[in-house]
Structures are given as C-alpha cells and as structure tokens.
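Taking it in order: structure first as structure tokens, then the write-up.
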Amino acid sequence: MWKDTLHLKAPGNWINDPNGFIYYRGMYHLFYQYFPYAPRWGTMHWGHAVSRDLVHWAHQRVALYPSKDYDQNGIFSGSALEREGKLYLYYSAVRYLGQNGEDIHVPLDDSYVTSQAMVISDDGRSFDNLGAKRQIIPVLDDEAIGDPKDTRDPKVWEHDGHYYMILGSTFRKQQGKALFFRSRDGLSWEYANQYTSPEFRDMLECPDLFRLGGQYVLLGSPMGVTEAGIEYAHHAMWGLAEFDHRTCALALKGPLTFMDYGLDFYAPQSTVDRDGRRVLVGWMRMPQAAEDPGDGRGPWNGMMSLPRVVELREGRLYFTPHPNVEALFRPAALPWDQAVRRRPFRLKATLHPGEALDVCGYRLGLEGSRLVTDRSQVFPHLSGYRTAARTPVLDGEGCRLDVFVDDHLIEVFVDGGRYVVSHVVYGLQDRLSGPVEELFTLREES
Ligand code: FRU
C-alpha cells in the first residue's frame, strides 16, 4: 500500500474531500472521497489512510463502497465519532434517479437523491459494508426542512451525552442553509433546527461547527462565492457564530472569511488532535492529474493540505502548520540551490515592500501591502483557472513568510498564520532567489 510523507496524495486515480478525520485508538484516521477507477470524479467510495503523527500516512484498503439501494451511486462526505470504543462513520448516501448510459459514474441530468447513513466499525480496520450499514435519515420529503437532492456532509459530535449533526443544504439551489439533527444514541436521529444566511450563497457544503477559545466557529464551503467561469466558484470559509445545544439555534456573528487566499483549498474537515488542538486538513483541487510517478501508483489527482492548527486570537482565526510538520524539518545541510531539488522543503523569508521571491518558478511579492502570488510559470495553460492571487492588505512594514514546497503544492503561511495562500503547481523548476532567511529539508529519518 502507498505511503505518503507530509501531504496525503491520491493513491492513484482521484480523491477529493477529507472525511471521517479522527484520532481513534492511538492512530489518526483520515478517510477521503475516492474514485478508484480513473483520475477524475465518479462514483464515490471512502478511501482510508492512517497515521501516528499526521505527517506519515499509510493508505489502507477501501473502507466504504456502494452496496445498498440507497448508496448505490456514491458514499459522499461525512465524519467519524468514537462511541463505546467503536468507530461510527456517518456519510451521505447517493442514489441516481436515472442511469447515464454513456457514463454510469455520473448522474444523468444531475438528478439524484441523498439520504444520510452510517456504518459502525469495531476497530477502525474492518468495515462491514453489507452487514453494518444503516440509513439514519431518509431522503427529505419536506422542502421546508431541506433539499431531497442537495442535503449532505454530516458532521457529528457529542455534547453532554447527546449527539448532534450539522448538514449542508439549500432551498432550491438558491439559498444555502445548515440543518441540525439530534440523537441520544448516535443511531436514531430527529430533526432539530436550521439556519440560513446569504453568506451560505447557493448551497452550503461540508459544514463543521466547534467551540474554540470560548467561541463557536463555523467552517463551511459555500457554493457560488465567486463567479463561475473565472475560477472555482466554491470556497472554504470560516465565521464566528453563536450556537445553543438545547435548541440547535445557530447564528453567524458576522460575514464569512476565506480560510485560504489561494485558489485550490476546499472542503476542509477538522478534528481534535491527541493533545487537544483543533486541527484540520483540506482538499487541494487539481485541474489536471499529476503524472504517473512510475512506481505503480499511476496518474493521480487530488491531495490534502498540511494539517493546520486552528486558533482563535483577538477575534480571528489563525491557521498554522501542526507542530509535527515543524518537527519533520531541519536546517538544510546542502547549499540551497541543491536543497531546493529535494522536495519537500521549507523556507522562511521576510518581504519588504517591492521585494519578491522566486521559489522554483512560483513568484511571491509584496505589492501595495498585499502578498501577491503568481504561478503562471508552474501551471498548465488552462482557461478558467487563475494563476494570480493576493491576500487582503497586511499590517506592518514587512510580511513574514513560512513556505512549504512539495512537488505539486506550495503552502504559504503569512505573518504567523494570519493568512494562508496555497496553490497547486506543476513542473517546479530548480531555482530560488530573493530574501530567503532560512531553508529546511526533511530530517534523514523521515
Ligand atoms: C465537496 C463535495 C461534497 C460531497 C462530495 C462528493 O467537494 O461536493 O459536498 O459530499 O464532494 O464527492
């Protein structure tokens, strides 16, 4: 089975959202949306990887696959919970309404229905797709509650002996909303409440709600944030919220903010790490499959971001690389021009107004108090994908950058995690110039 260091990558073919992210029985488990037959989206399975430290991942056998009438066309995104020593996995179960004769892995005329389902695993290793699945929330038949097609991505948590589920939904694909269900045992669920906001745009995907530093934080991926056709229309965002477990009443306290100012980060999911930190990973969307590495993996499309610690400071979220990421690197022993050929590597730099860095063909500059990035030299010429991005206006004279460079991904943590800019890249060049302060490569033993 495939092993990945630092970033989890598709084990060949296609992956998208992280699912069922949990620390369970001494291991991190990360499931993911997986199409096992080609490097494109299709009938979803849950792939599975495990790790002791969030940075060394070992892919496992497919965990969940379509096997029931209600999930025959896809095991969509969802989450994990530990209960009485067992691993409960919750997912959205998709059934197409007509068969697409030319491609059975995508719906005909985009028509399908979605219900919510679960599987209980005794050990997080074996998943009985035939005997242990159950449908827990049937296809919704009341539009006032939620959409029969577009209601998905259950994120489940426990609070004071009860279980809660948030789902993304929409009213007629025009108004995004979040639905809440409640349960005493994690098995039978009742509808509790809903919340809608123009901030959720046309549809809300992959909501995630948790308490952090005395506040509730909502993460979600609204569809239709930016105009379709210019770039991806859907983006991962965060907002501070109020939430009452007794009524499941949610209210955003203000507008949503981008979680990442690059163009590719989407559908993140959070969990609590071994030491109690809130940590998340997101899917890095790739417009083209990466080439077959030649080791049998084959062409692959989709990877996960670094595990990022989420912290609330002065009313806003900061995203920083998990300490286990830091621990993987040490100061480069090689001259820097050689070290940049050994990816992944990490560098630190401070940019002052007008200064720029060229990291393997990816350009970063401080222009008009914003960090401006340009990947045009390391990205295929594809219409519909932007190559330039910029942060909001930064405070202070210079900006501090902590940059992680892997073959297909550059992640830039700006000013101690105040902003993150991540981009998928192709064909990095072996060069480095600009005001670099420190360069790090992987420790030998990694
Ligand atoms: C987000 C998403 C989810 C859905 C899954 C399907 O990328 O559209 O809402 O469950 O992907 O693969």
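Indexing begins at 1, ligand by ligand and atom by atom, following the structure's order. Both backbone and side-chain heavy atoms feed into the values below; hydrogens, waters and symmetry mates do not.
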### Message
Could you check whether atom NZ of Lys173 has more than 12 heavy atoms from other residues, nucleotides or ligands sitting under 6.0 Å from it?
### Response
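Correct, the count exceeds 12.
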### Task
Give every residue pair that meets the salt bridge (charged side-chain N to carboxylate O under 4.0 Å, His left out) criterion with at least one member in residues 253-263, sequence neighbours excluded.
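For residues 253-263, and leaving out neighbouring residues, the salt bridge (charged side-chain N to carboxylate O under 4.0 Å, His left out) pairs sorted by first residue read Asp260-Arg308.
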### Task
Please determine which of Leu328, Val309, Asp53 meets the side-chain contact (heavy atoms from CB on, under 4.5 Å) test together with His322.
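Passing option: Val309.
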Could you pull out every N or O of ligand 1 that sits under 3.5 Å from a protein N or O, with the distance for each pair?
| unit_1 | atom_1 | unit_2 | atom_2 | d |
| --- | --- | --- | --- | --- |
| ligand 1 | 7 (O) | Asp17 | OD1 | 2.7 |
| ligand 1 | 7 (O) | Asp17 | OD2 | 3.3 |
| ligand 1 | 8 (O) | Glu205 | OE2 | 2.7 |
| ligand 1 | 9 (O) | Arg152 | NE | 2.8 |
| ligand 1 | 9 (O) | Asp153 | OD1 | 3.4 |
| ligand 1 | 9 (O) | Asp153 | OD2 | 2.7 |
| ligand 1 | 9 (O) | Glu205 | OE2 | 2.8 |
| ligand 1 | 10 (O) | Ser77 | N | 3.1 |
| ligand 1 | 10 (O) | Asp153 | OD1 | 2.6 |
| ligand 1 | 11 (O) | Asn16 | ND2 | 3.3 |
| ligand 1 | 11 (O) | Asp17 | OD2 | 3.1 |
| ligand 1 | 12 (O) | Asn16 | ND2 | 3.0 |
| ligand 1 | 12 (O) | Gln33 | OE1 | 2.7 |
| ligand 1 | 12 (O) | Trp41 | NE1 | 3.0 |

#### Entry: Backbone of Phe265 reached by a side-chain donor or acceptor of Ser422 within 3.5 Å
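A pair under 3.5 Å: no.
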### Task
Please list, chain by chain and in numerical order, all residues satisfying salt bridge (Lys or Arg N to Asp or Glu O under 4.0 Å) with Asp244, sequence neighbours excluded.
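For Asp244, the residues satisfying salt bridge (Lys or Arg N to Asp or Glu O under 4.0 Å) (neighbours in sequence not counted) are Arg246.
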### Message
According to salt bridge (Lys or Arg N to Asp or Glu O under 4.0 Å), who are the partners of Asp202, at least two apart in sequence or on a separate chain?
### Response
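Here no residue qualifies.
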